[in-house]
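Quick notes on the structure that follows.
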Amino acid sequence: DGAGSQDTPIPASLPRCVSASASMTQQLLAGPAPPPRPYRVCNWDRSLRKGVMAPSLAELLRQAQSALALPAPIALVLDEDGTAVETESFFRTLEEGTALMALSKGQTWTAPKTRGYQVSLSRKPPRRIDVACVTFDLYKTHPKDLGCLNVKATLYGTYSMSYDLRCHGARRLVKEALRWTLLTMQATGHVLLGTSCYMQQLLDATEEEQKEAEKSPVPLQNLLPRSLPALPYKKTLQ
């Protein structure tokens, strides 16, 4: 009925609630904001360089313009070869610490004049291959134990081997150490005793030979030659 129908008044707070709800829904769907990453920017002649942090391309443009004090608008290109950075998707593929050049209106990218200038030397390899990984795990199976050590080595992320070294209790370990020390001392004592006896026998034998040589001197006839050589025969003339 047209005469009886009336417009229901809309509360003033309802549009604000709808707007806040839509904003929160958009943030939840978009996901958490990416963390800012470090970049290096320079002007067109590379006379000024700055380091900035930015999570997106738009923020990087604003940070570069403010850091280098350039008039808006500006464009970003790779300092290495002049590749233009214009989309957010391409910006996300850039590595941390990438060197960029900010260009104002009328400015163009030029190759560096310094011979051997390379910006890519500071870049990290895009992919890391682990050749060997060794982990040490120290644990206890009993409060009185000294501890157990587990060593695990992995080669090229495929081949792995581990070794578990378990230590006994403190009392048992000390007992075994004393036992091995006692055996070592006994063996060392036997070796020293046998060596001393052998050296004593050598010394006694040498002293007896000297005493016998002093008691029985060599007789005089043994010192003289038993036969004298014949005198030369000379024929006399008559």
If you round to the nearest 0.5 Å, how far is [atom2] of [Y] from [atom1] of [X]?
X: Tyr39; Y: Glu96; atom1: OH; atom2: CD; answer: 7.0 Å
X: Met185; Y: Trp180; atom1: CE; atom2: CH2; answer: 15.5 Å
X: Thr195; Y: Gln200; atom1: OG1; atom2: CD; answer: 13.0 Å
X: Ile74; Y: Ser104; atom1: CD1; atom2: OG; answer: 6.5 Å
X: Met101; Y: Asp81; atom1: CE; atom2: CG; answer: 11.0 Å

Would [X] and [Y] show up in the same hydrophobic cluster when neighbours are defined by side-chain heavy atoms closer than 4.5 Å?
X: Leu57; Y: Leu103; result: no
X: Phe90; Y: Val41; result: yes
X: Leu48; Y: Trp44; result: no

Which pair of non-hydrogen atoms, one from Leu94 and one from Arg37, has the smallest distance, and what is that distance?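 For Leu94 versus Arg37, the nearest heavy atoms are O-NH1, 3.0 Å.
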
Looking only at heavy atoms, what is the nearest atom pair of Trp109 and Leu78, with distance?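 Taking every non-hydrogen atom into account, NE1-O, 3.7 Å.
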
Do side-chain atoms of [X] reach the backbone of [Y] as a donor and acceptor pair under 3.5 angstrom?
X: Asn43; Y: Ser47; result: yes
X: Ser196; Y: Leu192; result: yes
X: Asp137; Y: Asn150; result: no
X: Arg40; Y: Gly97; result: yes
X: Gln201; Y: Tyr198; result: no

Salt bridge between Arg46 and Asp79, side-chain N to carboxylate O under 4.0 Å?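 Here Arg46 pairs with Asp79 in a salt bridge, since their nearest N and O are under 4.0 Å apart.
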
Where do Leu68 and Lys50 land on the side chain to side chain contact (heavy atoms under 4.5 Å, CB included) test, with the steps shown first? CA-CA 7 Å; Leu68 300 176; Lys50 297 286 184 178; 3.7 Å; yes

Using the rule given for side chain to side chain contact (heavy atoms under 4.5 Å, CB included), can you reason through Leu76 versus Leu61, listing the C-alpha separation, both sets of side-chain angles and the distance that settles it, and then say yes or no? CA-CA 7 Å; Leu76 291 177; Leu61 288 170; 3.5 Å; yes

Show your reasoning for whether side chain to side chain contact (heavy atoms under 4.5 Å, CB included) applies to Ser56 and Glu88. CA-CA 7 Å; Ser56 61; Glu88 185 70 22; 3.6 Å; yes

Scan Leu100, Val77, Thr98, Leu60 and name whichever one has a side chain to side chain contact (heavy atoms under 4.5 Å, CB included) with Val85.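 Checked Leu100, Val77, Thr98, Leu60 against Val85; only one passes side chain to side chain contact (heavy atoms under 4.5 Å, CB included): Leu100.
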
